[in-house]
Amino acid sequence: MESRYNPASIESKWQQTWAQDGLDRTPQDSDKPKFYALSMFPYPSGNLHMGHVRNYTITDAIARLKRMQGYRVLHPMGWDAFGLPAENAAIDRGVHPATWTNQNIAHMKRQLQQLGFSLDWEREVATCAPDYYKWTQWIFLQFFDAGLAYQKESAVNWDPIDQTVLANEQVDSEGRSWRSGAKVERKLLKQWFFKITDYAEQLLNDLDKLSGWPDRVKVMQANWIGKSIGAYLEFPIVGSEEKIGVFTTRPDTAYGVTYVVLAPEHPLTQRVTSADRKDAVAAFVKEVGEESEIDRTAEDKPKRGIPTGGTAINPFTGEEIPIWIADYVLYEYGTGAVMGVPAHDTRDFRFATDNQLPIKTVIVPEGEDAAKPLEAAYTEAGVMVNSGQFDGTPSVEGKQKVIEYAESQGFGKARIQYRLRDWLISRQRYWGAPIPIIHCPDCGAVPVPEDQLPVRLPEDVDFSGKGASPLAKLENWVNVPCPSCGTPAKRETDTMDTFIDSSWYFLRYTDANNDRQVFDETKVNDWMPVDQYVGGIEHAILHLLYSRFFTKVLRDRRLLNFDEPFSRLLTQGMVQGLTYMNPNKGGKDKWIPSHLVDANDPKDPQTGEPLQRLYATMSKSKGNGVAPEDVVSKYGVDTARMFILFKAPPEKDLEWDDADVEGQFRFLNRVWRLVHEFVSSPKGTKNNGQLTKPEKDLRRAIHTAILEVTEDMEGDYQFNTAISELMKLSNALTDAPCKDSPVYVEGIETLIKLMAPFAPHIAEELWNEIGHSDSVHHQAWLEVDESALVVDEITLAIQVMGKMRGTIQVPANLDKTELEKLARESEVAQKHIAGKEIKKVIVVPNKLVNFVVV
RNA sequence: UACAUACUAGCUCAGAGGUAGAGCAAUCGACUUAAGAUCGAUCCGACGCGGGUUCAAUUCCCGUGUGUGUUACCA
């Protein structure tokens, strides 16, 4: 055995051996319980960064542990390969998106393999491959067939210079196109939507089933869905047949409505405006329309609005009330109109005060009357007053009663409102899965027949970045006969949002090479749900919500039989790098790339100014990244893995620190030396059945380590503390005086096995060196021998009045009376209780005795 | 603004109603021409702040401060 730990040679050696032996392949026929470990698949941007490495290291450690624990493990990898950067590469550099993407995939796959992740590459998927997006299109048709895919006019971001539609992420916070810099306009286009709102209630309720998800992710999803229970009420417009519908959560305040407000965009605005107000209203609408979303919703801004001159009737009181328009009413939410109840809503109160609108109190706290004027809105529950027949009703009950009354009178009903909107899935660009629809002048939107899938992306395309989507310009691709009636028709030229590709990839892994079906029902139901999903918190809402939605729809199509796709979710923290900032500079210039800075004396290389040191998420613009391959070439994969797992709990941000990486490398070196000394010394053969005290102590250390590591890995994966236990065991072995004992052999073997999921290469090498021919990764995980944990003597704490006064050594497992007797007789206790009356004695077996004195 | 979450050694993090703990860093010593590696030893704590419950609170409860994240007028 080499006396020095040389990671480079052992890592490549074992990676080859494992590949040959098929160590990473998913077991096909096995009666073992299943375990599906999954990392969120990456976008093939070209290079693996530390965030990827952290993500996959976590999942890999789990996969390896579960294999040792007797599970058949599915641990696949693939590529979220459609998307904008590929198309930009085409526009900027003239490389075809497919070429660019495939090169990146090849490069990143090689990087992953060098990192030794135990992935089953036979199940690799890439969403841009026709044999994948064929099934994405097939799933779209399932949605279409279920009535869950529909078209609607919708506003898109339109770049007037490039004459093209932009995605939201291509529009900066100033509302300008990232490419042309032009002010983006809103333009109405016919777009495809998925009806996720049909599943809002299920998506909300089933969050309760996700006990293995972090609470904050569930809270974020619940907020996103945003369920409100209330009423829909209609206010007739004076001099018109039309009515203004509003949604309210406070129907109990309906008698306090003193005005109605429309969003400026509301179509009724034109209708209700009186002739003399036309110009003022038009000016106001224009002004608000030009404001950016940010200005309009700024918190400190006063609520602005103007009267339209029109009036409506409060159907509860019969009073005429003015109709206003105001910028604080959002057209996108509810009905785009609200009833104004200044007395009982803070926003309405402020608006009414600013605009001299009447304030009418209709709820009072119990035992008070409505006489005194309000200084602020009273938004709590209370008793209804000034509310006709409802006077005296508690407002909580009043909600339901008012709804019933409105319903009986025909001007309202109960309603549940969600913040969640339908999912706009059309993208006017090339590098995505084409929507498999043909528009026929006679038959309308006709699905492409299944046997004609996939609708392939044409390859000879012009990428100028200008004009309509590249697909729309391809006459011979667009013009096809209608599949239903044969008349000349046109293909849909939009492609699908890439979130659709990633909403079902975890299902495809269970049967990745099936060319006849999207997946085999038995296989998907066998492997799913994913037992442990690992990825970034940035997907807390969109990707995870969409995937849950897809799962429920496909379940209702009877393609699978479970409700939720991911049983347990681990949202890993970011990887942060040491970052230098010049506080005197602004914008991007303030970040000074770390390779330009002397770490001992951080100064701006241009100005000589002192720099601030901080930790920030690694990024190109800050120049604070650490390249995985640099770390690997210096210390090896196992050190990188150990550092990443040890430095922070997985869900927290990780501060990259070279000194700590060094520390992990030293730990692996210590283990290497320990085993090296063990291999080159005579083995213990002594076995007379009776263990000496050092042997007992060492066995206790061994089995404590097994217990702690196993517990740390159960549930929430505390890798950092698990590795800390490995260090303790390693220290115990180093210090052990009984190196010739069979217990020492047990200790060495235990340490290597416990290390295997975290540092797989060195564990395999050491396992091999101590004389085993089978892989350490095939060994069964360790069982705790409870008897080894037993201690003969314990330290008993002596407390007086709850304060620690000292300790005594006593035999373990004495009963309460014996403990009390020993404690009472002890010197420490005597010193503090002598001459005092003992009122009470609390005895906690094997822990402490507490005297309560007068 | 609401919600979530955190606050423990210089740093990163464990911990549990009952003696506060690991790793790294630091300091000193040994070895070395020197450095590194290694070995040995050492140091470190109002458990954010205030109150309550308890025989006993760092741990449970309430309030408060600070940081972070999501959300930003959702009617």
Side-chain angles (χ1 to χ4, degrees), chain A residues 4 214-224 226-228 230-231 233 246-250 253 261 263 293-294 296-303 326-330 332-341 344-348 350-351 417-420 537-538 540-541 571 573-574 615 642-643 646-649 651-655 657 659-667 669-670 673 708 712 718-728 730-731 734 794-808 838-844 846-853:
Chain A
R4 278 182 61 95
D215 282 339
R216 62 176 186 144
V217 173
K218 288 190 277 188
V219 168
M220 280 160 69
Q221 291 211 356
N223 288 344
W224 185 261
K227 180 180 181 177
S228 305
L233 301 174
V246 304
F247 172 73
T248 179
T249 56
R250 295 295 304 273
T253 64
V261 194
E293 196 76 15
I294 294 160
R296 188 168 160 185
T297 56
E299 200 182 338
D300 47 350
K301 221 172 126 278
K303 304 190 186 319
D327 60 355
Y328 76 94
V329 178
L330 306 176
E332 296 81 33
Y333 183 75
T335 62
V338 301
M339 59 185 213
V341 189
H344 307 292
D345 180 280
T346 35
R347 286 159 308 181
D348 293 347
R350 186 158 165 201
F351 187 73
Q417 181 71 40
Y418 298 94
R419 192 176 157 277
L420 183 70
I537 184 76
E538 66 274 18
I541 298 174
T571 51
M574 303 273 198
Y615 279 93
M642 289 288 280
F643 166 76
F646 177 69
K647 174 75 184 178
E651 64 282 0
K652 288 209 179 169
D653 286 350
L654 182 154
E655 294 180 356
D657 182 338
D660 286 357
V661 179
E662 190 86 37
Q664 279 307 317
F665 186 60
R666 284 209 292 264
F667 172 65
N669 273 288
R670 279 203 291 276
R673 256 194 323 276
E708 296 292 333
D712 284 343
Q718 300 296 323
F719 304 102
N720 52 333
T721 52
I723 290 173
S724 165
E725 294 298 331
L726 296 180
M727 291 170 172
K728 288 186 200 169
S730 158
N731 290 343
T734 307
I794 57 127
T795 308
L796 185 75
I798 309 288
Q799 292 185 346
V800 178
M801 296 298 286
K803 292 216 165 47
M804 274 299 300
R805 293 304 181 189
T807 60
I808 54 171
I838 296 170
K839 224 168 82 180
K840 196 173 170 189
V841 182
I842 290 117
V843 183
V844 183
N846 285 335
K847 285 228 165 120
L848 64 80
V849 175
N850 182 17
F851 295 99
V852 183
V853 296

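- Straight-line distance between the C1' atoms of B:U54 and B:C13: roughly 30 Å, to the nearest whole Å.
- Base orientation for B:A46: syn, the chi torsion being within 90° of 0.
- The CZ atom of A:Arg250 sits 14 Å away from the P atom of B:C74 (whole-angstrom rounding).
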Test side-chain contact (heavy atoms from CB on, under 4.5 Å) on A:Ile537 and A:Arg216; report intermediate values, then the result. CA-CA 10 Å; A:Ile537 184 76; A:Arg216 62 176 186 144; 3.6 Å; yes

Protein N or O to nucleotides 3-12 of chain B N or O, pairs below 3.5 Å:
{"residue": "B:U12", "atom": "O2'", "partner": "A:Lys647", "partner atom": "O", "Å": "2.2"}

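- Among the nucleotides B:A25, B:A22, B:A14, the one closest to the side chain of A:Arg666 is B:A25.
- Taking the side chain as every heavy atom from C-beta outward, A:Gln718 and A:Glu708 never approach each other to under 4.5 Å.
- Taking the C1' atom of each, B:G17 and B:U53 are spaced 11 Å apart, rounded to whole Å.
- Of all nucleotides listed (B:A75, B:U19, B:G18), B:U19 comes nearest to the side chain of A:Thr807.
- A:Phe719 has its side chain out of reach of A:Thr721: every pair of non-hydrogen atoms, C-beta onward, lies at least 4.5 Å apart.
- Rounded to whole Å, the separation between the C1' atoms of B:C3 and B:G18 comes to 35 Å.
- The distance from the CZ atom of A:Phe851 to the CE atom of A:Met801 is 13.0 Å, given to the nearest 0.5 Å.
- Applying the 4.0 Å criterion to OP1 and OP2 of B:C74, one finds that A:Arg347 has a side-chain N or O inside that range.
- Environment of CE in A:Met574: sparse, with no more than 12 heavy atoms of neighbouring residues, nucleotides or ligands closer than 6.0 Å.
- A:Trp224 CH2 to A:Gln221 CD: the interatomic distance, rounded to the nearest 0.5 Å, is 10.5 Å.
- For the pair A:Arg419 and B:A72, the criterion of a side-chain N or O lying under 4.0 Å from OP1 or OP2 is met.
- Toward the 5' end of RNA chain B, the nearer of the two residues A:Thr721 and A:Thr249, judged by each one's closest nucleotide, is A:Thr721.
- Residue A:Ser228 has a polar side-chain atom (N or O) positioned under 4.0 Å from OP1 or OP2 of B:A75.
- Taking atom CD of A:Glu708 as the reference point, atom C1' of B:G21 lies 12 Å away to the nearest angstrom.
- When heavy atoms are screened at a 4.0 angstrom cut-off, A:Val852 is found touching the sugar-phosphate backbone but no base atom.
- Between B:A6 and B:A14, the distance separating the two P atoms is 10 Å to the nearest Å.
- Partners of A:Phe351 according to the ring pair (Phe, Tyr, Trp, His ring centres under 6.0 Å) rule, which considers only residues two or more places apart in sequence or in another chain, are A:Tyr259, A:Trp324, A:Tyr328.
- B:A16 and B:A22 have their C1' atoms separated by 15 Å, given to the nearest Å.
- Rounded to whole Å, the distance from CE on A:Met727 to C1' on B:C13 is 12 Å.
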Dot-bracket encoding of pairs in RNA chain B, which uses [ ] for pseudoknotted crossings and | for another strand, Watson-Crick or G-U under 3.5 angstrom: .((((((..((((....[..)))).(((((.......))))).....(((((..]....))))))))))).....

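- Distance check, rounded to the nearest 0.5 Å: CD of A:Glu662 to CG of A:Asn669 gives 9.5 Å.
- Here the side chains of A:Glu655 and A:Asp660 are not in contact, with every heavy-atom distance at 4.5 Å or above.
- Here A:Arg805 does not reach the OP1 or OP2 of B:A56: none of its side-chain N or O atoms lies under 4.0 Å away.
- Here A:Lys227 contributes atom NZ and A:Leu420 contributes atom CG; the two are 13.0 Å apart, rounded to the nearest 0.5 Å.
- Side-chain contact between A:Asp345 and A:Arg250 is absent, with no heavy atoms from C-beta onward closer than 4.5 Å.
- Listed nucleotides B:A75, B:A22, B:G18 differ in distance to A:Lys728; the shortest reach to its side chain belongs to B:A22.
- Closest to the side chain of A:Asn850, from the set B:C73, B:G18, B:C24, is B:G18.
- Put simply, CG on A:Asn669 is 17 Å from P on B:G23, counting in whole angstrom units.
- The nucleotide whose nearest atom lies closest to any side-chain atom of A:Asp327 is, among B:U19, B:A56, B:C73, B:C73.
- If you take CD1 of A:Ile798 and C1' of B:C55, they are 15 Å apart, rounded to a whole angstrom.
- Remark: the separation of the P atoms in B:A26 and B:A37 is 10 Å, to the nearest Å.
- Mapping A:Phe851 and A:Thr335 onto RNA chain B via the closest heavy atom, the residue that lands nearer the 5' end is A:Phe851.
- Between the P atoms of B:G52 and B:A57, the separation comes to 11 Å (whole Å).
- Rounded to an integer number of Å, the gap from A:Leu726 CG to B:A14 P is 17 Å.
- Spacing between atom CD of A:Glu662 and atom P of B:C24 amounts to 12 Å, rounded to whole angstrom units.
- Atoms CG and CZ, from A:Asn223 and A:Arg419 in turn, are 8.0 Å apart once rounded to the nearest 0.5 Å.
- Across the protein-nucleic acid pair, A:Lys227 atom NZ and B:U71 atom C1' stand 20 Å apart, rounded to whole Å.
- On the C1' atoms, B:U64 is 39 Å away from B:U27, given to the nearest whole Å.
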